[in-house]
Amino acid sequence: MVNKLILGDNLEILKTLETESVDLIYLDPPFFSNRNYEVIWGDEGEIRSFQDRWAGGIEHYIAWLKERVEQMHRILKPTGTIFLHCDWHADAYIRVEILDRIFGMNRFIASIVWYYSWGGRSFQRWNRKHDVIFHYSKGDKFIFNVNDVLDERMLSEKSQKRLQYDGAMIMKNANTKEDPNFIPPSDVWYIATINGMSKERIGYPTQKPEALLERIIKAASNEGDVILDPFVGGGTTVAVADKLNRKWIGIDQSVQAIKVTELRLDKQRSLFSAPFTVQLHKYDYDTLRYKNAFEFESWIVQQFGGICNTKQRNDFGLDGKMPDNTPIQVKRSDNIGRNVIDNFFAAIQRSDKKLFNKNVAQKKQVGYIIAFSFGKGAVEEVARLKLKENIIINLVKVEDIVPIAQKPALNIEITKSVHTEKEIWEIELTSKGASEKGIEFYSWDFDYNSENGFKASVMIDRNGQQTAKFKAGLHIVAVKVVDNDGLENIEVLKFKVNGIVERTV
Ligand SMILES: C[S@@+](CC[C@H](N)C(=O)[O-])C[C@H]1O[C@@H](n2cnc3c(N)ncnc32)[C@H](O)[C@@H]1O
């Protein structure tokens with residue numbers, strides 16, 4: 001399954017990904033240049049892993065990264081390539097100790113210099129104005145779409161005139177087949193960094209520009225290919241992959257990174273966008289409970305380690321089986337009653353009497369029923385079958401298969417409004433979330449439309465308070481709250497501004 005955001009340490013997740021299943025990997029791991037700077041989101045997990053590795057110095061860092069890159073090498077398809085983004089802190093070590101060893105020196109394609117104007121201004125030494133992106137291939141043949149990344153020829157006025165006069169000659173000299181205004185691409189790229197004014201800025205310090213990822217993805221993949229970013233951060237790689245009709249997988253150990261990336265993808269979604277899933281460590285009861293029934297059944301059977309029935313109309317109402325063929329039935333409801341046990345008991349005998357008899361003889365369970373909770377009647381009947389007839393049916397609660405939590409509570413209020421100028425009101429909105437796990441952040445959509453879904457106007461707000469300007473008329477604002485498990489809640493506020501500010505919902 002692709003188009004997926006996964007929360008977790010990428011080493012563990014990478015181990016679960018299939019061998020030779022990905023066309024392109026881009027990674028932008030933390031550099032560990034300085035304690036405070038590197039603690040990007042300030043999540044507990046990140047602070048811990050950062051401190052652990054810092055204690056061991058550069059060798060420790062290289063060992064940490066190397067075992068991850070080994071997995072990436074395994075996952076890459078034979079025609080795939082990897083782009084490893086780093087800077088002067090560790091670039092030499094990474095090239096020699098990691099990439100040359102795992103991919104081989106002969107698989108080196110380029111050391112791309114990403115040059116920018118941002119950064120320090122010192123008169124004491126050379127100022128650092130570039131990052132390094134190593135490009136390696138897995139095999140000797142790899143995807144390289146040169147025509148999608150040609151460099152623009154920098155033409156002087158004089159040569160521009162000559163070009164108009166004798167374009168053909170220059171074309172031949174430049175060795176570009178189609179357009180004399182372009183030349184083959186070089187390994188030095190000038191791309192502006194994200195600054196405070198950038199439109200694509202989401203408020204994440206190490207966010208990379210979309211233009212950089214666009215160049216990488218266009219050069220080294222085709223439409224429909226699978227792109228992996230195991231340090232997805234603010235989601236630049238997957239956002240660009242999505243725009244360029246590539247499939248993608250993004251991993252990060254920070255809840256905030258995953259949720260911000262999700263909001264970013266939601267924001268750029270259109271009717272034609274491919275769907276995606278978000279895998280967290282916990283599941284929200286309401287979302288599971290009200291999911292499409294068939295989708296829920298097949299998902300939970302898989303989580304349980306079983307195989308689901310592919311037919312929508314299942315054999316005798318059974319939804320799946322375990323690898324040893326023991327049948328599974330799923331009920332997407334609470335408090336299920338005795339009748340479910342009776343029906344299941346009849347169905348498993350009808351579907352495979354031999355298996356049923358064998359399991360009874362061996363004192364093994366004859367089947368599993370999965371539900372959110374079981375009523376007294378069901379529990380008593382299962383106990384009776386076991387005691388009186390030696391027949392074992394296992395009742396399994398969803399929460400025993402996947403961790404379930406309640407989503408955070410949320411409340412939004414208009415806390416202040418000032419009529420600033422003609423027809424314009426400045427309104428302060430305050431939202432308060434509550435969760436046992438603590439609140440990560442809030443996100444706002446000041447022009448919410450339920451059909452288009454939530455499109456964040458303010459992506460990360462740590463305090464839950466915003467002041468914005470509204471014209472006279474009806475407004476719909478939505479706020480999302482995200483807790484430390486990544487579970488979220490949304491509330492919509494409708495209000496009218498006209499002489500007074502009046503909340504309508
Ligand atoms: C430099 S940032 C990536 C920025 C990203 N390229 C962007 O444009 O927004 C590095 C990210 O790696 C994540 N990270 C660090 N260690 C990790 C690990 N072991 N597994 C998964 N993610 C990790 C951090 O949470 C952080 O979001």
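Position 1 is the first residue of the sequence; numbering continues from there.
Side-chain atoms of Gln465 and Thr430 form a donor-acceptor pair, as typed in the model, at a separation below 3.5 Å. The closest side-chain donor-acceptor pair between Asn411 and Glu491, if any, does not fall under 3.5 angstrom. For the residue pair Arg74 and Gln71, a side-chain donor N or O sits within less than 3.5 Å of a side-chain acceptor on the partner. Residues Asn181 and Arg153 bring no donor and acceptor atom of their side chains to less than 3.5 Å of each other.
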Using atom types as modelled, flag every donor-acceptor pair under 3.5 Å from a side chain in residues 195-203 to any protein atom, sequence neighbours excluded.
from   : atom 1 : to     : atom 2 : distance (Å)
Asn195 : OD1    : Met197 : N      : 2.8
Asn195 : OD1    : Ser198 : N      : 3.0
Asn195 : OD1    : Ser198 : OG     : 3.3
Ser198 : OG     : Asn195 : N      : 2.8
Ser198 : OG     : Asn195 : O      : 3.1
Glu200 : OE1    : Glu210 : N      : 2.7

Enumerate donor-acceptor pairs with a distance under 3.5 Å from any side-chain N or O in residues 75-86 to protein atoms, sequence neighbours excluded.
from  : atom 1 : to     : atom 2 : distance (Å)
Lys77 : NZ     : Asp23  : OD1    : 3.2
Lys77 : NZ     : Asp23  : OD2    : 3.2
Thr81 : OG1    : His135 : NE2    : 3.1
His85 : ND1    : Tyr26  : OH     : 2.8
His85 : NE2    : Asp131 : OD2    : 2.7

With a 3.5 Å cut-off and sequence neighbours excluded, list the donor-acceptor pairs that the side chains of residues 220-231 form with protein atoms.
from   : atom 1 : to     : atom 2 : distance (Å)
Ser221 : OG     : Ile217 : O      : 2.7
Ser221 : OG     : Arg246 : NE     : 2.9
Asn222 : OD1    : Asn145 : ND2    : 3.0
Asp225 : OD2    : Asn222 : N      : 2.8
Asp229 : OD1    : Phe231 : N      : 2.9
Asp229 : OD2    : Thr237 : OG1    : 2.6

Chi angles and distances behind the side-chain contact (heavy atoms from CB on, under 4.5 Å) call for Thr277, Asn3: CA-CA 7 Å; Thr277 56; Asn3 290 356; over 6 Å; no

Evaluate Trp299 against Tyr283 for ring-ring contact (aromatic ring centres under 6.0 Å, His included), listing each step before the verdict. CA-CA 12 Å; Trp299 178 77; Tyr283 295 89; 4.9 Å; yes

Check against side-chain contact (heavy atoms from CB on, under 4.5 Å), Val278 and Phe276: CA-CA 7 Å; Val278 183; Phe276 66 92; 3.8 Å; yes

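For Trp114 and Tyr190, the distance between ring centers is not under 6.0 angstrom. For His130 and Tyr116, the ring centers sit 6.0 Å or farther from each other. Between Phe495 and Phe470, the distance from one ring center to the other falls under 6.0 angstrom.
What you find for Leu7 and Ser254 is that their closest heavy atoms are CD1-C, 3.7 Å. Across every non-hydrogen atom of Pro408 and Ile439, the tightest pair is CB-CD1, 4.2 Å. Asp151 approaches Pro185 most closely through the heavy-atom pair OD2-CA, 3.3 Å. Taking each heavy atom of Ala472 and Trp425 in turn, the nearest pair found is CB-CZ3, 3.9 Å. Across every non-hydrogen atom of Ile6 and Ile258, the tightest pair is O-CD1, 3.4 Å. Considering all non-hydrogen atoms of both residues, Val501 and Ile414 come closest at CG1-CD1, 3.9 Å.
When side chains are defined from C-beta on, Val479 does not count as touching Leu493, because their heavy atoms never get closer than 4.5 Å.
In terms of the side chain to side chain contact (heavy atoms under 4.5 Å, CB included) criterion, residue partners of Lys259 (sequence neighbours excluded) are, by chain and number, Val255, Glu262, Phe441, Val482, Glu488.
Residue pairs satisfying the salt bridge (Lys or Arg N to Asp or Glu O under 4.0 Å) criterion with at least one member in residues 97-115, sequence neighbours excluded, are listed as follows: Glu97-Arg101. For the side-chain hydrogen bond (donor to acceptor under 3.5 Å, both in side chains) condition, the pairs that include at least one residue of residues 466-476, sequence neighbours left out, are Asp461-Gln466.
Using a cutoff of 4.0 Å between basic side-chain nitrogens and carboxylate oxygens, Glu20 and Lys138 are scored as salt-bridged.
Between the Tyr61 side chain and the Ala90 main chain, no donor and acceptor come within less than 3.5 Å of each other. Looking only at distances, no side-chain donor or acceptor of Trp248 sits under 3.5 Å from a matching main-chain atom of Asn245.
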